[in-house]
Amino acid sequence: MKKLMMSAILLTSFNASAIDFDVNVTTCGVAGTQNDLGTLCGQLKQEIKDLVGEDLPDADIGEYGTGMANANGFAYKGLGSDYSNNFDYFVIRAAAGGAVDGDMDDAENADGVGIGASATIGINLDLLPVDKIGPVDLGKMDLFISMFSYDIDNDIDDNTNASGEISSFSVMARYQIVDGKEFIAGNMLEWGGIFLHTGFQRSSWDATIKATFDDETAEISGAQATFSDSQAKLTLETTTTTIPIEVSTYLRAGYIFTFFGGAGFDLVSGTSEVDIDLGGDISGTSGFDAELTAGDSASGDADATNFRGFFGAQFNIPFVSVYAQMNKGLGNDLVGVNAGVKILW
């Protein structure tokens, strides 16, 4: 059982709930009754409950619905636009990221976690046959389209399987509102200017973890009870849509290094649902027989707005760049990171 619970925590990086569970003794076998702690039957039942309780998280599942929805959207910050290049024609990028609503060094106790990935293509609109639309200079505008979909079906071990799907889609636009300046020719020292970014991002993460756990044994005063035909299932569904508004800048130094940063505001709409079910048969000394049933569920909505800052660094060689970025929520506990590789011209 502990292997199941730890697998679920490690995969989703959140504590689930103080789950209500019941142990119903159908046959005592040993002396006494199940509700009398002064008898061996009652003591064995309590030992089973203690064993199960040790493996179940002790927090309320309700508080994690909002955290999961928040972290899911935050995991994609930095994956929809570009903050460290001013390209002439196009950029193609593959990137992945993650976010935690809580302490990133203690993810198991965080309110929620999100994971994300995207494949992005961006083009400079100077490729169009017109130079301007009203006051908008198309040579200063870039359009980005990102998408990703991946089916999960993974055996964590012989008794535990994880399945589900991660998907995302976004359209972002970037406009250079302040021109950059080259201080030393050849990209040896260049300030990129100031950029305004906006668009929309939608992401979802569905996961189901199923596990069987047998041969776990409770024992007291020589009486034993062993779990058999037992299974647990954790189901997570979270979907988040955000409209980000961002301002960014970058500095390129020594040709191969770029440092960038900025700030953003997000309008957010998101929901998350978490379900946990646990059940099994227990048999033991002198015909002792019992059933274990447990389950809980909760849902939550993402916070409607979010302010954040971000910064990162990039390593450049001709036509290819590798970058890493960190995002930090302002006034909340959201933290995210992402990294990727780009081909640009």
Side-chain angles (χ1 to χ4, degrees), residues 7-17 61-81 93-102 107 110-121 144-154 156 161-172 198-210 233-244 246 264 266-277 297-306 308 325 327 329 332 334-340:
S7 297
I9 289 171
L10 289 173
L11 183 64
T12 61
S13 294
F14 75 103
N15 290 335
S17 70
I61 193 173
E63 68 186 83
Y64 295 105
T66 295
M68 295 300 292
N70 286 337
N72 176 52
F74 205 76
Y76 285 86
K77 299 310 157 191
L79 299 183
S81 189
R93 182 186 64 214
V100 170
D101 190 354
D111 287 347
V113 67
I115 55 177
S118 71
T120 303
I121 183 167
F144 302 88
I145 298 176
S146 305
M147 62 185 65
F148 183 78
S149 180
Y150 180 70
D151 292 327
I152 304 167
D153 189 1
N154 180 49
I156 298 174
N161 175 265
S163 61
E165 182 183 17
I166 300 170
S167 62
S168 66
F169 178 76
S170 77
V171 177
M172 295 282 291
T198 191
F200 83 93
Q201 297 175 301
R202 182 174 177 84
S203 58
S204 63
W205 176 24
D206 301 335
T208 299
I209 304 169
K210 294 181 180 180
K233 181 173 74 171
L234 181 150
T235 303
L236 165 70
E237 297 181 0
T238 180
T239 301
T240 307
T241 301
T242 65
I243 299 175
E246 304 166 328
D266 304 310
L267 293 172
V268 185
S269 173
T271 61
S272 185
E273 296 183 359
V274 184
D275 294 282
I276 297 177
D277 294 295
S297 63
S299 61
D301 296 328
D303 294 333
T305 59
N306 177 54
R308 56 188 164 84
Q325 177 177 327
N327 305 291
N332 57 48
L334 284 165
V335 180
V337 295
N338 62 78

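- Shortest non-hydrogen contact noted between Asn161 and Asp153 is ND2-OD1, 3.2 Å.
- Thr240 places a side-chain N or O within 3.5 Å of a backbone atom of Ala69 that can act as its donor or acceptor partner.
- One finds the OG atom of Ser269 at 8.0 Å from the CZ atom of Arg202 (value rounded to the nearest 0.5 Å).
- With Asn70 contributing its side chain and Gly112 its backbone, the two residues share no donor-acceptor pair below 3.5 Å.
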- Test Asn306 against Leu334 for side chain to side chain contact (heavy atoms under 4.5 Å, CB included), laying out the working first. CA-CA 9 Å; Asn306 177 54; Leu334 284 165; 4.1 Å; yes

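- Of the residues listed (Thr208, Ile276, Asp277, Asp275), the one engaging Leu234 in a side-chain contact (heavy atoms from CB on, under 4.5 Å) is Ile276, and it is the only one.
- Looking only at distances, no side-chain donor or acceptor of Asp266 sits under 3.5 Å from a matching main-chain atom of Val268.
- Closest of all the heavy-atom pairs between Ile152 and Ala162 is CG2-O, 3.8 Å.
- To the nearest 0.5 Å, the span separating OG1 on Thr242 from CD on Gln201 amounts to 4.5 Å.
- The two residues Ser204 and Thr239 come nearest to each other via the heavy atoms CB-OG1, 3.6 Å.
- The CZ atom of Arg93 lies 11.5 Å from the CD1 atom of Ile121; values are rounded to the nearest 0.5 Å.
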- Task: Show the numbers, then the answer: is there a side chain to side chain contact (heavy atoms under 4.5 Å, CB included) between Met172 and Thr198?
- Result: CA-CA 6 Å; Met172 295 282 291; Thr198 191; 5.8 Å; no

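- For Ser118 (side chain) and Leu79 (main-chain N/O), a donor-acceptor pair under 3.5 Å exists by modelled atom type.
- For the pair Ser163 and Lys210, the minimum side-chain heavy-atom distance is 4.5 Å or more.
- Distance alone, capped at 3.5 Å, is enough to place a donor-acceptor pair between the Thr66 side chain and the Asp301 backbone.
- We find the CD-NZ distance between Gln325 and Lys77 to be 11.0 Å, quoted to the nearest 0.5 Å.
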- Message: Let's go through Leu267 and Thr305 carefully: what are the C-alpha distance in whole Å and the side-chain angles of both, what is the deciding distance for side chain to side chain contact (heavy atoms under 4.5 Å, CB included) to 0.1 Å, and is it a yes or a no?
- Response: CA-CA 5 Å; Leu267 293 172; Thr305 59; 4.0 Å; yes

- Query: Does the side chain to side chain contact (heavy atoms under 4.5 Å, CB included) test come out yes or no for Tyr76 and Ser168, once each step is laid out?
  - Reply: CA-CA 9 Å; Tyr76 285 86; Ser168 66; 3.2 Å; yes

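- Contact annotation: the side chain of Leu236 never approaches that of Glu273 to less than 4.5 Å [non-hydrogen atoms, C-beta and beyond].
- Residues Ile166 and Ile115 have side chains in contact (heavy-atom distance under 4.5 Å, counting atoms from C-beta outward).
- The OG1 atom of Thr241 sits 9.5 Å away from the CG atom of Asn72 when rounded to the nearest 0.5 Å.
- Nearest heavy-atom pair, Phe169 versus Ile145, reported as atom, atom and distance to 0.1 Å: CE1-CG2, 4.0 Å.
- Taken from CZ in Phe148 to OG in Ser203, the straight-line distance is 12.0 Å, to the nearest 0.5 Å.
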